[in-house]
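Since we're looking at a predicted model, the values are computed, not measured. Each residue takes its place number in the sequence, starting with 1.
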Amino acid sequence: MSDVFVVGTSMTRFGPFPDESVKTLTVTAVTDVMADAGMSIDQLQVAFFSNGSQAVVEGQTSTPGQFALHSAGVSGLPVINVENGCASGSSALWLAAAQVRSGGADYALAIGAEKMVFRDPDRRALVMEAFGGGLDRERAHETLALLQSLGDDIDGEFGGGHRTMMMDVYAGLCRAHMARFGTTREQLAAIASKNHTHASMNDKCHYNKPMTAEEILAGRPLAYPLTVPMCSPLSDGAAAAIVTNREGLRRLSPETQRRAVRVRACELRSASDRAWDEFDRHVIRRAAQAAYDTAGLGPDDVDVAEVHDAAAFGELFASELLGFCPIGEGGRLAESGATSIGGSIPINPSGGLVSRGHPIGATGLAQIHELTTQLRGEAGARQVDRARVAIQENGGAFLGVEEAAAVVTILTAE
């Protein structure tokens, strides 16, 4: 992976934008990523388009990427549509990096766009239905029952109302972690509060208001132990990245070369059959170990991380699986302040999914945008001091007791 570089990134603001569409969001992301790279559209040679719900919600099956990108002036070149759950955007990057690494193209675009907020109540219902596809339809009730049984020793209030099936999945895993390791709701609240604080410095986020841990604990309960402010909102948005090889980089402007970020590893793995507590076999742990091996780096080398906190527990567990602390110590790591900006291993300086929002197809590429910005030293008030090595973790859907797909990417300042 030593010859793959990110030369441009972009993201729209994430949030509820009922008057936007997949096409308008795509146009903005393409326009901005081309400007960031100092490139023209006619230099692109291949595009990978990520989207997770448009087929279900809007009936746009078949070739959504061709339709959306055509509106942005991208036509004629190969376009590959990518759907891989919440890891779709990172999977598009994985494909784009592989394409330029192989010599199949010098300039590849990875772009994700998602439309999840609608005025039409029927469309809103379909958005919720789309999340059900994140579990094996034939075994969904079996999977949920398994996850809920893992934390049977933990009692708590189950809220009602509007939530996706995935929040029940996260809650079940979190209760299992609480029963095994003594993880607390206060630790989850500390993570969510930290991310809401980080988001107050990021104008691209769905939410920009800081929240205290006490306010988060007092939020509307979902599936115990989660409250609404511990979970990501439904959002609209798009994000993009352009990658190239060393030969392609040489043909770009000196300024683009100066700002290029190296892709040291980008590893995609899928779920396997295992017991919940076989943590070394967890799909995120396996993807992370492969990424560390490819990059020739380890957890102690990482300066900043963006991880998939669709719920605050996602960040807690990812901090363990990425090797920032032993399994079972993620809550204490967060409480120590280590994962805040200014701490020893800042996690989600962007605000994370909890505050930035989670337009499924765009999320992974939004993480890449944030880490690229950090490594360039361009993150402003949320800049991590002397950031040179960054890691991204992005998981999608659930199979058995873990994510069905997981991508771990390591970036370094060139």
Side-chain angles (χ1 to χ4, degrees), residues 14 174 177 181 183-219 225-227 229-232 299-358 363 366-394 411 413:
F14 287 3
C174 187
H177 202 276
F181 299 109
T183 301
T184 68
R185 296 182 74 234
E186 288 72 21
Q187 291 169 342
L188 298 174
I191 290 169
S193 176
K194 178 262 298 181
N195 286 347
H196 282 283
T197 298
H198 289 175
S200 69
M201 298 178 275
N202 185 357
D203 62 6
K204 299 285 190 180
C205 288
H206 188 135
Y207 297 131
N208 295 111
K209 179 183 176 182
M211 295 186 72
T212 66
E214 292 74 21
E215 289 173 323
I216 286 163
L217 288 169
L226 303 177
T227 65
M230 294 178 186
C231 303
S232 59
D300 291 343
D301 297 308
V302 176
D303 299 311
V304 60
E306 284 282 315
V307 306
H308 192 92
D309 63 322
F313 175 71
E315 176 177 317
L316 186 154
F317 202 24
S319 70
E320 300 171 355
L321 295 169
L322 293 175
F324 300 144
C325 63
I327 299 294
E329 296 290 327
R332 283 178 277 277
L333 180 72
E335 281 184 317
S336 74
T339 61
S340 297
I341 294 172
S344 60
I345 177 61
I347 298 178
N348 287 332
S350 68
L353 282 64
V354 160
S355 296
R356 188 182 59 234
H358 184 25
T363 286
Q367 294 175 315
I368 296 299
H369 171 74
E370 175 66 21
L371 294 177
T372 299
T373 301
Q374 290 284 346
L375 293 174
R376 288 170 168 175
E378 299 173 357
R382 67 182 188 280
Q383 179 66 50
V384 172
D385 190 34
R386 294 187 292 274
R388 303 292 295 174
V389 178
I391 196 167
Q392 173 231 19
E393 175 270 322
N394 183 205
L411 306 174

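Here ring pair (Phe, Tyr, Trp, His ring centres under 6.0 Å) pairs that include residues 330-354, with residues two or more places apart or in two chains, number zero. Applying the salt bridge (Lys or Arg N to Asp or Glu O under 4.0 Å) definition to pairs two or more places apart or across chains, those involving residues 184-205 are Lys194-Glu315.
Checking side-chain atoms of Ser193 against main-chain N and O of Ala189 turns up no donor-acceptor pair under 3.5 Å.
Between Phe317 and Phe313, the ring planes are parallel. Angles under 30° get that label, and only those over 60° would be called perpendicular.
Evaluation of the salt bridge (charged side-chain N to carboxylate O under 4.0 Å, His left out) rule for Arg332 yields Glu329 as partners, not counting sequence neighbours. Applying the salt bridge (charged side-chain N to carboxylate O under 4.0 Å, His left out) rule to Glu214 yields no partners; only residues at least two apart in sequence or on another chain are considered. In this view, Glu306 and Arg356 satisfy the salt bridge (charged side-chain N to carboxylate O under 4.0 Å, His left out) rule, not counting sequence neighbours.
The two residues Pro299 and Phe324 make their nearest non-hydrogen contact at O-CE2, 4.0 Å.
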Could you give the side-chain donor-acceptor pairs of residues 384-391 under 3.5 Å, partners two or more places apart or in another chain?
none

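Looking only at side-chain heavy atoms (C-beta outward), His196 and Asn208 stay at 4.5 Å or farther from each other. Within the 4.5 Å cutoff, no side-chain heavy atoms of Gln392 are placed close to those of Leu411.
Aromatic ring centres of His358 and His206 lie farther apart than the 6.0 Å criterion allows.
Residue Ser350 holds its OG atom at 6.0 Å from CG of Asn202, rounded to the nearest 0.5 Å.
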